[in-house]
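Numbering of ligands and ligand atoms starts at 1, following listing order.
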Amino acid sequence: MQNKVTKAIFPVAGLGTRFLPATKSVPKEIMTLVDRPLIQYAIDEARAAGITEFIFVTSRGKSALEDYFDHAPNLEQELLKKGKDDLMAVLKDTYMDSGAIAYIRQHKALGLGHAVWCARRLIGDEPFAVILPDDVIAAEKPCLQQMVEAYEETGGNVVAAMEVPPEKASSYGVLDVEEDMGHIVKVKGMVEKPAAGEAPSNLAVIGRYILTPSVLRTLNEGKSGAGGEIQLTDAIAKEIDGESGVFGYRFRGQRFDCGSKSGFLQATVAFGLAREELREDLLGYIRDVVHLDRAAE
Ligand code: UTP
């Protein structure tokens with residue numbers, strides 16, 4: 001029987017340079033899809049998967065994130081006075097139980113692996129999840145919940161995997177597959193950002209992981225990899241020949257790369273269309289734009 005996964009790390013210490021100048025003062029994770037910040041989607045997904053302890057690895061300039069999860073007594077009083085029960089209900093999702101959330105600072109953006117390592121003392125000797133909030137996944141069953149169920153079968157380390165076209169593989173960590181069992185693949189190698197034509201498969205790792213604590217011990221060595229950063233992929237790859245192994249999990253759902261402008265805009269449209277009260281209006285606008293575009297050709 002595996003240990004239950006109850007802790008999740010949210011690495012949010014990156015500089016978010018692709019969204020400058022906005023990220024000069026607004027953390028990327030506070031940027032909103034329709035009316036919910038990226039971090040809210042990540043927290044909702046973690047809760048659905050049974051996570052009860054939330055660890056944020058933050059950096060300078062991210063205090064808006066801490067405020068977001070705080071109670072807002074003045075705002076609540078106003079809403080109560082005005083009888084806005086619907087808005088009070090909306091706020092409930094942003095509340096965290098006392099002590100359920102912890103913030104750790106990464107003093108320098110030395111890479112995702114380093115950010116995860118910063119949370120080591122709060123993880124201890126248990127399996128844990130890592131969620132990158134800028135990967136937003138629309139799915140009937142939340143992605144991390146699917147992965148927890150897979151992990152209950154496989155144990156070990158489970159990374160979310162997605163098929164990508166060959167020309168995109170060099171932007172990702174890519175899996176070398178030993179055995180393909182459908183949704184679950186057994187991994188025999190992992191390459192971070194392979195050079196063009198050198199990707200071992202079309203299965204790319206995206207921002208959801210369930211990891212064993214021995215990954216943290218590897219990260220203790222502090223070795224840097226691709227781009228001079230301490231790479232999480234490299235530390236996970238060390239587990240392949242270990243006791244528990246590494247598995248890729250082909251999740252069901254659509255992933256949006258909200259760390260890029262194009263992905264963020266696509267997600268905005270998709271999540272907007274998914275909202276009943278916005279759908280018709282938005283669809284009408286999109287139809288007009290497409291129509292004008294065709295007419296101009
Ligand atoms: P990205 O590669 O998207 O980097 O990090 P970034 O700094 O957020 O954004 P750009 O590329 O400058 O626009 C992927 C995830 O890893 C976290 C980021 O916060 C993001 O969630 N990260 C990355 C850290 O927490 N620390 C790091 O040193 C690097």
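Ranking protein heavy atoms by distance to atom 21 (O) of ligand 1, first place goes to Pro11 O, 2.8 Å. The protein heavy-atom contact nearest to atom 12 (O) of ligand 1 is Thr17 OG1, 2.5 Å. The protein heavy-atom contact nearest to atom 7 (O) of ligand 1 is Leu15 N, 2.8 Å. The closest protein non-hydrogen atom to atom 1 (P) of ligand 1 is Arg18 NH2, 4.0 Å. Atom 16 (O) of ligand 1 has as its closest protein heavy atom Leu112 CD1, 3.6 Å. Of the protein's heavy atoms, Gly14 N, 3.8 Å lies nearest to atom 22 (N) of ligand 1.
At a heavy-atom distance under 4.0 Å, only side-chain atoms of Lys28, from C-beta outward, approach ligand 1. At a heavy-atom cutoff of 4.0 Å, ligand 1 is contacted by no atom of Thr23, backbone or side chain. Both the backbone and the side chain of Ala109 come within contact range of ligand 1, each with a heavy atom under 4.0 Å. If you look at Val12 next to ligand 1, the close heavy atoms, those under 4.0 Å, all belong to the backbone.
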Requested in this report: Take Arg279 and Glu276 through the test salt bridge (Lys or Arg N to Asp or Glu O under 4.0 Å) and record every step on the way to the result.
Outcome: CA-CA 5 Å; Arg279 187 177 168 80; Glu276 216 177 295; over 6 Å; no
Query raised in the report: Can you list the steps and then say if Val5 with Leu144 is a side chain to side chain contact (heavy atoms under 4.5 Å, CB included)?
Result: CA-CA 11 Å; Val5 184; Leu144 192 66; over 6 Å; no
Report task. Take Asp125 and Arg217 through the test salt bridge (Lys or Arg N to Asp or Glu O under 4.0 Å) and record every step on the way to the result. Result -> CA-CA 10 Å; Asp125 202 25; Arg217 290 192 280 276; 3.7 Å; yes
Report task. Walk me through it: do Glu163 and Arg250 pass the test salt bridge (Lys or Arg N to Asp or Glu O under 4.0 Å)? Result -> CA-CA 8 Å; Glu163 261 137 46; Arg250 284 192 182 95; 2.9 Å; yes
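By the criterion of side-chain heavy atoms lying less than 4.5 angstrom apart, applied directly or through intervening Ile, Leu, Val, Met, Phe, Trp or Tyr residues, Val12 is grouped together with Phe264 in one hydrophobic cluster. Residues Ile123 and Val130 share a single hydrophobic cluster, defined by chaining ILVMFWY side chains whose heavy atoms lie under 4.5 Å apart. The cluster map of Ile, Leu, Val, Met, Phe, Trp and Tyr, joined by side-chain heavy atoms under 4.5 Å apart, puts Tyr151 and Leu216 in different clusters. There is no path of hydrophobic side-chain contacts, each under 4.5 Å, that joins Ile206 to Val159. In this structure, Ile101 is a member of the same hydrophobic cluster as Tyr41, with clusters built from ILVMFWY side-chain heavy atoms closer than 4.5 Å.
Below 3.5 Å of separation, one finds an N or O of Gly16 facing an N or O of ligand 1. Polar contact with ligand 1: absent for Gly259 (N/O pair, distance under 3.5 Å). Of the N or O atoms in Val57, none lie within a sub-3.5 Å distance of an N or O in ligand 1. Looking at ligand 1, you'll find an N or O of Ala13 within less than 3.5 Å of one of its N or O atoms.
Set against the non-hydrogen atoms of Leu110, the atoms of ligand 1 under 4.0 Å away are 28 (O). Residue Ala115 has at least one heavy-atom neighbour below 4.0 Å for each of these atoms of ligand 1: 24 (C), 25 (O), 26 (N). Within ligand 1, the atoms closer than 4.0 Å to a non-hydrogen atom of Gly111 are 26 (N), 27 (C), 28 (O), 29 (C), numbered from 1 in the order shown.
For the pair Gln106 and ligand 1, a heavy-atom separation below 4.0 Å is found.
Between the side chains of Asp44 and Gln40, at least one donor-acceptor pair of N or O atoms lies under 3.5 Å.
If you look at Phe69 and Phe54, their ring centroids are not closer than 6.0 Å.
The protein does not reach atom 5 (O) of ligand 1 closely, with no heavy atom under 4.0 angstrom from it.
Lys186 forms a cation-pi arrangement with Phe247, by the criterion of a distance under 6.0 Å to the ring centre and an angle within 45° of the ring axis.
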